[in-house]
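In this text the structure is predicted, and so the values were computed from the model without any measurement. In this chain, numbering begins with 1 at the start of the sequence shown.
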Amino acid sequence: MTQHFTLTLRCPERSGIVHAVTTFLVGRGCDIVEHQQFDDDVRGSLFLRTAFSCSESTVDDLTRAFAPVAGEFGMEFQFSGAEPDRVLVMVSKFGHCLNDLLFRWRAGSLGAEIALVVSNHEDLRPMAEAAGVPFAHVPVTPATKAEAEQRLLDLVGEHSIDLVVLARYMQVLSDELCAKLQGRAINIHHSFLPGFKGAKPYHQAYDRGVKYVGATAHYVTPALDEGPIIEQEVQRVDHTHSPRALVTVGRDAEALALSRAVRWHCERRVLLNGNSTVVFR
């Protein structure tokens, strides 16, 4: 029975890496269906993503067999199977990003399975449950923040969550929680980074007469809104756009940037490169 896998890796740049990878895969009877690589001459690193199919193999078998090759080249690598990532979506009261993710999931174009929606409010319960997704209400106050974050971690474990998505979740995660979710939590920010911060960003943009609005999807880190950027979406605007019109345009940008970031992450197309990312589209 044919199975599908993806290999991603990073290692110091040198000759022979691609040859070693392809020789390993061909030697095990694998069929390479997609291959992308990026040589970062500035940092002296090579990044690689190879999708392939083969029969009678598992992620564990491939990982063990590839270890000598990885050791020779100093590779940080991961094999992944075709099983879709299980996603937990966190929301507050804004529903546009959740609605978009649910639509793409049900249409089969998200590349992941939405397993649970968590919110500090009850407002979006009907949207989640109408899509057949369990909803958990986890209220947050300054006094209960630690307890609420532990409840979130419990839910991550109970539902075997691979990725946490902050889809306009209007609470700042603690440094401790960010560290525990490192590399597996994505946030959507309502502007380019850096950009207009604080309350009413679109009103600030209107006051400054901006010509573009956009959104930034990035990994969550303890440094607020400073995590490695995965995707940015931009929309052209002009003087005719009122604050309300800017909100509408901006929400479209947020939904697009976030859905792309989630899909690319779950398809193993995003590799961390220091404070930035390599994205194999």
Side-chain angles (χ1 to χ4, degrees), residues 3-10 32-38 47-53 58-60 62-63 76-91 96-118 128 131-134 152-153 155-169 173 178 180-189 215-221 227-233 254-273 276-281:
Q3 300 181 75
H4 298 274
F5 301 92
T6 303
L7 167 64
T8 54
L9 66 83
R10 172 186 177 176
I32 296 174
V33 297
E34 183 180 350
H35 174 86
Q36 293 172 286
Q37 68 186 72
F38 170 63
F47 298 83
L48 178 149
R49 178 187 184 274
T50 301
F52 61 95
S53 61
T58 67
V59 168
D60 290 341
L62 291 165
T63 300
E76 300 173 9
F77 75 97
Q78 181 183 32
F79 284 96
S80 304
E83 188 72 18
D85 278 1
R86 291 175 58 81
V87 173
L88 183 156
V89 182
M90 300 189 70
V91 293
H96 54 289
C97 287
L98 174 61
N99 186 59
D100 184 74
L101 291 170
L102 290 171
F103 172 81
R104 294 174 191 274
W105 165 60
R106 297 181 74 177
S109 62
L110 186 62
E113 177 185 354
I114 298 180
L116 181 67
V117 174
V118 175
V133 179
L152 172 64
L153 289 174
L155 290 169
V156 167
E158 291 170 12
H159 292 263
S160 302
I161 298 300
D162 299 297
L163 177 68
V164 174
V165 176
L166 279 63
R168 293 307 305 271
Y169 180 66
L173 305 186
C178 290
K180 291 177 180 178
L181 295 176
Q182 183 175 4
R184 56 191 185 118
I186 294 175
N187 183 42
I188 185 66
H189 192 276
T216 301
H218 63 90
Y219 284 114
V220 174
T221 64
I229 293 171
I230 305 170
E231 172 64 340
Q232 293 182 298
E233 173 65 21
E254 292 166 18
L256 283 172
L258 183 59
S259 65
R260 289 175 188 152
V262 170
R263 176 166 57 86
W264 292 339
H265 172 94
C266 293
E267 291 179 349
R268 308 296 183 264
R269 296 183 180 277
V270 184
L271 282 71
L272 288 172
N273 186 16
S276 63
T277 61
V278 173
V279 182
F280 292 121
R281 303 184 182 182

When rounded to the nearest 0.5 Å, the distance separating CZ of R10 from CG of L272 is 8.5 Å

Heavy-atom closest pair (A131 atom, R106 atom, distance to 0.1 Å) is CA-NH1, 3.6 Å

Counterpart residues, side-chain contact (heavy atoms from CB on, under 4.5 Å), relative to P84 (two or more places apart): none

Listed by chain and number, what are the side-chain contact (heavy atoms from CB on, under 4.5 Å) partners of T221, not counting sequence neighbours? A223, P228

Between CG on residue D85 and OG on residue S160, distance to nearest 0.5 Å: 11.5 Å

M90 versus L152: any side-chain heavy-atom pair under 4.5 Å? yes

Any side-chain heavy-atom pair of Y219 and T277 under 4.5 Å: yes

Closest heavy-atom pair, A115 versus P134, reported as atoms and distance to 0.1 Å, is O-CD, 3.4 Å

Applying side chain to side chain contact (heavy atoms under 4.5 Å, CB included), run through L173 and L166 and close with a yes or a no. CA-CA 10 Å; L173 305 186; L166 279 63; 4.0 Å; yes

Residues which pass side-chain contact (heavy atoms from CB on, under 4.5 Å) with E83, listed by chain and number, not counting sequence neighbours: none

Does R260 have any salt bridge (charged side-chain N to carboxylate O under 4.0 Å, His left out) partners at least two apart in sequence or in another chain, and if so, which? E231, E233

Shortest non-hydrogen contact between V278 and F38, atoms and distance: CG2-CD2, 3.8 Å

I'd like to know if the side chain of Q37 and the backbone of T50 have a donor-acceptor N/O pair within less than 3.5 Å. no

Value rounded to 0.5 Å, distance of CZ in F47 from CD in E76: 9.0 Å

From L163 atom CG to H265 atom NE2, the distance as rounded to the nearest 0.5 Å: 4.5 Å

Quick check on side chain to side chain contact (heavy atoms under 4.5 Å, CB included): which of R184, E113, R86 does D162 satisfy it with? R86

Closest non-hydrogen atoms of I188 and A215, given as atom of the first, atom of the second and distance, are CD1-CB, 4.1 Å

Answer yes if the side chains of R104 and S259 hold a donor-acceptor pair under 3.5 Å, and no otherwise. yes

Is it true that E267 and R49 have a side-chain N and a carboxylate O under 4.0 angstrom from each other? no

Would you indicate whether the side-chain heavy atoms of T63 and F77 approach each other to under 4.5 Å? yes

Starting from the C-alpha separation in whole Å, work towards a yes-or-no answer on side-chain hydrogen bond (donor to acceptor under 3.5 Å, both in side chains) for H4 and S53. CA-CA 4 Å; H4 298 274; S53 61; 4.7 Å; no

Kindly write out the residues that satisfy side-chain contact (heavy atoms from CB on, under 4.5 Å) with Q182, not counting sequence neighbours, or none if the list is empty. none

Is it the case that the side chain of N187 and the backbone of H218 share a donor-acceptor pair, with hydrogens and angles ignored and the cut-off at 3.5 Å? no

Check the pair I161, L155 against side chain to side chain contact (heavy atoms under 4.5 Å, CB included), reporting the backbone distance first and the verdict last. CA-CA 8 Å; I161 298 300; L155 290 169; over 6 Å; no

Taking all atoms of both residues into account, what is the closest heavy-atom pair of A112 and V87, and its distance? CB-CG2, 3.6 Å

Walk me through whether L258 and D100 qualify under side chain to side chain contact (heavy atoms under 4.5 Å, CB included). CA-CA 9 Å; L258 183 59; D100 184 74; over 6 Å; no

ring-ring contact (aromatic ring centres under 6.0 Å, His included) filter on Y169, not counting sequence neighbours, yields none

What are the two closest non-hydrogen atoms of F5 and T58, and how far apart are they? CE2-C, 4.0 Å

Gap separating the CG atom of L102 from the CD1 atom of I114, nearest 0.5 angstrom: 4.5 Å

Cut-off 3.5 Å, side chains only: do T6 and R268 have a donor facing an acceptor? no

Polar side-chain atom of R269 near backbone of F280 as donor-acceptor pair, under 3.5 Å: yes

State the CG-CD1 distance between L181 and I186, to the nearest 0.5 angstrom. 11.5 Å

